[in-house]
Amino acid sequence: MPKNPALARLPGFRDFPPEDLAVRSHIFRAWREACRRYGFQEYDGPPLEPLDLYTEKSGEEIVGQLYAFRDRGGRHVALRPEMTPSLARILAERAQALPKPIRWFSIPQLFRYERQQRGRLREHFQWNADIVGEAGVGADAEVVALAVDALRILGLGPQDFRVRVSHRQLVSALLLGSGVAPDKLPVAFGVVDKLERESRQRSLDRLRQECGLGVSEAEAVLQLFESSDLERAAEVHGEDPEVAGALADLRSLRQVLDEMGMGPFVEFDLRIVRGLAYYTGMVFELFDRKGELRAVCGGGRYDRLLELVGGEPLPAVGFGMGDVVLGELLAERNLIPSYRRAVDLFVAAVSEAQRELLHRIVAAQRAAGKSVVYPLRHQPLRRQLATAAAEGAERAVLLGPGEVERGVAKVRDMATGREVEVPLQALLAGKGGDGDGNA
RNA sequence: GUGGGCGUAGCUCAGGUGGUUAGAGCGCCAGGUUGUGGCCCUGGAGGUCGCCGGUUCGAGUCCGGUCGCUCACCCCA
């Protein structure tokens, strides 16, 4: 706690001391490794953007939570709350010249002025991965598989999380086919989104009162969305070409994921809606199995967005995965590696007389690529070794008057305590730091 | 944005019904002779008890407000 409260960390923002940064890096490494395996390239953009980039296309939820202000030039600007608009702009400028499909990813820090809660801060890092320029379900499957694989790299399995997949057009066609008027669609989507959190009766009431459905129609809609497979939708609305097309896509998506061995992670659930306005096809969210945490990841197909931002009409599909909820899930499953410091060498001098030699050896070993620390002022050898252990040194070089006189030094293996003598010549040549006495 | 719970050292926590200079363990720093870490011994730093105000002779203990954290709702990443 700082002495001056005015200097305290802002609510919803995080400091990252080394132990915490290590966790973050661990997650980033997995994200980048998954992207490498899938052939995705990393990009980034500015954290501060013109306010209009978001007010135009992002929808009111996001706009209402922007960190927005005027800069010194009088421009209306905002800290980026999501990455997709920036991606759309970047691609609007150069998508034409890029080979398709474009597989790009980024790990931006995003900002939203919201009341903070577990899993929801005012700032987070969000892995964004998108495939642009491919409209087929192959791209949808690839993107879902990428999200799943990143979590597998982190050690999570089918017992830990699942992907729930839905389809905007399918849901839309099913609602229309069930008697919902086109202008009531947004409200109906809202009801579907809340199906899990509101009572069945409340949902029925809302379908009737807010969406203008009759009793039997409302009941039929509920049964449609309560079933976990798509059979009922196919039976009841299979003749509708919109429904048939979307169902074919979803089946095909499922097949690809099954062939990749990801079947155990994937299930269909038409109650997944996603808040963002710009999704046009498949949508998915990734949840922990216990259902205790917020969604770890969400995404889908957004074929119109790039066009809306003034670019080429390019189909796109992608997702965002935040570091906060994922970190909580990993912690809960004990999948965060314990933090430990580590250096290759600690160089200790028994007395001040070996100080000059110590500096020469330290420099030589560092030049040879070793990580090396040493006491910045003289201390008893006992303390130096304690420090070496605390620094996580693999080996300690001990410079004492006796050995130095004979042109050697002891190299101690900190784990076993075994010591070997190594010629000073070797140490000064950047060798011998591995405890190889013959170096 | 709405409502509930919580707020004592870096961390985990003690501090019956208000009573002197607020404690412990761990961690941190230093010492235990210029030759050997994990153990041990000694000493030390570190808290305006989240903050502001009120009640009282006296408040870490009671009351109000505020800020922060947290849970649920809202919403969403």
Side-chain angles (χ1 to χ4, degrees), chain A residues 1-6 8-15 17 19 58-66 80-84 107-128 147 190 193-194 197-198 272-277 279 283 285-287 292-300 318-328 346 348-355 358 375 377-405 409-419:
Chain A
M1 239 160 269
K3 293 203 173 103
N4 181 353
R9 197 180 340 103
L10 259 17
F13 285 76
R14 297 169 289 174
D15 288 325
E19 313 84 76
S58 284
E60 283 176 32
E61 325 90 66
I62 287 183
V63 173
Q65 297 167 159
L66 281 172
R80 59 186 175 195
E82 56 167 338
M83 196 57 178
T84 308
I107 307 180
Q109 187 174 24
L110 305 179
F111 306 87
R112 297 181 70 160
Y113 195 89
E114 270 191 300
R115 179 141 171 191
Q116 67 161 323
Q117 235 182 81
R118 185 179 190 199
R120 184 172 71 179
L121 307 174
R122 288 180 172 175
E123 145 277 319
H124 75 150
F125 290 89
Q126 190 191 63
W127 175 35
N128 278 244
D193 188 30
K194 289 234 180 339
R197 279 161 293 177
E198 287 184 341
I272 297 298
V273 169
R274 309 273 314 137
L276 293 177
Y279 288 116
V283 291
E285 289 189 346
L286 209 147
F287 290 89
E292 291 168 351
L293 305 172
R294 293 164 182 285
V296 174
C297 166
F319 64 81
M321 184 186 294
D323 69 319
V324 180
V325 178
L326 178 54
E328 284 167 0
F346 186 94
V350 171
S351 74
E352 296 273 18
Q354 292 84 42
R355 197 90 190 148
L358 179 150
R377 61 187 155 81
H378 188 68
Q379 293 176 316
L381 185 60
R382 174 165 34 84
R383 184 165 301 286
Q384 293 186 58
L385 281 167
T387 304
E391 296 279 359
E394 198 158 327
R395 294 193 169 71
V397 174
L398 308 180
L399 302 172
E403 295 88 5
V404 168
E405 211 165 294
K410 282 181 180 168
V411 175
R412 177 183 179 86
D413 183 305
M414 292 300 289
T416 64
R418 184 172 306 150
E419 291 178 356

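Order of the sequence lines fixes the chain letters, A, B, ..., with proteins taken first and strands second; residue numbering starts at 1 for each chain. Quick note: numbers below take in every heavy atom, side chains included, and nothing from hydrogens, waters or symmetry partners.
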Integer angstrom distance from the P of rG27(B) to that of rC67(B)
38 Å

Using a heavy-atom cut-off of under 4.0 Å over every strand shown, decide if Gly12(A) touches base, sugar-phosphate, or nothing.
sugar-phosphate

Residues Leu10(A), Glu123(A); criterion side-chain contact (heavy atoms from CB on, under 4.5 Å); working and verdict
CA-CA 10 Å; Leu10(A) 259 17; Glu123(A) 145 277 319; over 6 Å; no

For Val324(A) and Glu328(A), what are the C-alpha separation, side-chain angles and deciding distance, and is it a side-chain contact (heavy atoms from CB on, under 4.5 Å)?
CA-CA 6 Å; Val324(A) 180; Glu328(A) 284 167 0; 4.2 Å; yes

At 4.0 Å (heavy atoms only), tell me whether Leu286(A) reaches a base, stays on the sugar-phosphate, or touches nothing.
nothing

Verify, without hydrogens or angle tests, whether Glu391(A) (side chain) and Ala388(A) (backbone) share a donor-acceptor contact under 3.5 angstrom.
no

Taking the C1' atom in each of rU20(B) and rC57(B), what is the distance between them to the nearest angstrom?
14 Å

Closer to the 5' end of RNA chain B via nearest nucleotide, is it Ser351(A) or Asp413(A)?
Ser351(A)

Gap between atoms CD and P, on Glu419(A) and rG37(B) respectively (whole Å)
10 Å

Nearest heavy atoms of Ala348(A) and Leu358(A), plus distance in Å
C-CD1, 4.1 Å

Indicate whether OP1 or OP2 belonging to rC75(B) is found under 4.0 Å from a side-chain N or O atom of Lys194(A).
yes

Mind listing the N/O atom pairs, protein and nucleotides 31-33 of chain B, below 3.5 Å?
{"residue": "rG31(B)", "atom": "OP2", "partner": "Arg383(A)", "partner atom": "NE", "Å": "3.2"}
{"residue": "rG31(B)", "atom": "N7", "partner": "Arg383(A)", "partner atom": "NH2", "Å": "3.2"}
{"residue": "rG32(B)", "atom": "N7", "partner": "Arg382(A)", "partner atom": "NH1", "Å": "2.8"}
{"residue": "rG32(B)", "atom": "N7", "partner": "Arg382(A)", "partner atom": "NH2", "Å": "3.4"}
{"residue": "rG32(B)", "atom": "O6", "partner": "Arg382(A)", "partner atom": "NH1", "Å": "3.4"}

In Watson-Crick or G-U wobble terms, with both distances under 3.5 Å, the base opposite rA14(B) is none

Decide yes or no, distance alone: a donor-acceptor N/O pair under 3.5 angstrom between the base of rC75(B) and the side-chain of Arg120(A).
yes

Nucleotide rC76(B), atom C1' - distance to CG of Leu121(A) in whole Å
13 Å

Could you tell me the separation between the CD atom of Gln126(A) and the P atom of rC76(B), rounded to a whole number of Å?
15 Å

Which is true for Gly400(A) with a 4.0 Å heavy-atom rule: it touches a base, it touches only sugar-phosphate, or it touches nothing?
base

Select base, sugar-phosphate, or nothing to describe what Gln354(A) touches, counting heavy atoms under 4.0 Å on all strands.
nothing

Across the strands shown, which category fits Leu110(A) at heavy-atom distances under 4.0 angstrom: base, sugar-phosphate, nothing?
nothing

Could you tell me whether the side chain of Leu385(A) reaches within less than 4.5 Å of the side chain of Met414(A), counting heavy atoms only?
yes

Hey, does the side chain of Gln384(A) reach the backbone of Gln379(A) with a donor-acceptor pair shorter than 3.5 angstrom?
yes

On RNA chain B, more 5' by nearest nucleotide between Met414(A) and Gly320(A) is Met414(A)

Do the side chain of Arg120(A) and the main chain of Val325(A) share a donor and acceptor less than 3.5 angstrom apart?
no

In Å, rounded to the nearest 0.5 Å, how long is the span from CD of Gln126(A) to CE of Met83(A)?
10.0 Å

Paired with rC57(B): which nucleotide, if any, by Watson-Crick or G-U wobble criteria at under 3.5 Å for both distances?
rG19(B)

Between rG37(B) (P) and Glu391(A) (CD): distance, integer Å
17 Å

Across the strands shown, which category fits Glu352(A) at heavy-atom distances under 4.0 angstrom: base, sugar-phosphate, nothing?
nothing

Complement of rG43(B), any strand, by Watson-Crick or G-U distances under 3.5 angstrom
rC29(B)

Nearest whole Å is fine: how far is rC76(B) C1' from Glu285(A) CD?
9 Å

Send over the distance from Arg122(A) CZ to rC76(B) C1', rounded to a whole Å.
15 Å

Measure the spacing between CD of Glu82(A) and CZ of Arg112(A) and express it to the nearest 0.5 Å.
7.5 Å

Using the C1' atoms only, state how far rU36(B) lies from rC26(B), rounded to an integer number of Å.
26 Å

Worked verdict on Arg122(A) versus Gln65(A) for side-chain contact (heavy atoms from CB on, under 4.5 Å):
CA-CA 10 Å; Arg122(A) 288 180 172 175; Gln65(A) 297 167 159; over 6 Å; no

Taking only the P atom of each, what is the distance from rU48(B) to rA22(B) in whole angstrom?
12 Å

For rC6(B) and rC62(B), measure between their P atoms and round to the nearest Å.
11 Å

With rounding to whole Å, what would you report as the distance between rG31(B) and rG50(B) at their C1' atoms?
37 Å

Which nucleotide, if any, forms a Watson-Crick or G-U wobble pair with rG3(B), using both distances under 3.5 Å?
rC71(B)

Just checking Glu123(A): base, sugar-phosphate only, or nothing, at a heavy-atom cut-off of under 4.0 Å?
nothing

Determine the interatomic distance between P on rA9(B) and the same-named atom on rG5(B); round to the nearest Å.
22 Å

Quote, to the nearest angstrom, the C1' distance that separates rG65(B) from rG23(B).
30 Å

Please work out if Ala389(A) contacts a base, only the sugar-phosphate, or nothing of the nucleic acid, heavy-atom cut-off 4.0 Å.
base

Atom-to-atom span, NZ of Lys410(A) to C1' of rU36(B) - whole angstrom:
8 Å

Rounded to whole Å, CZ of Phe346(A) lies from P of rG38(B) at a distance of 14 Å

Among rU36(B), rC75(B), rG68(B), which is the nearest nucleotide to the side chain of Leu385(A)?
rU36(B)

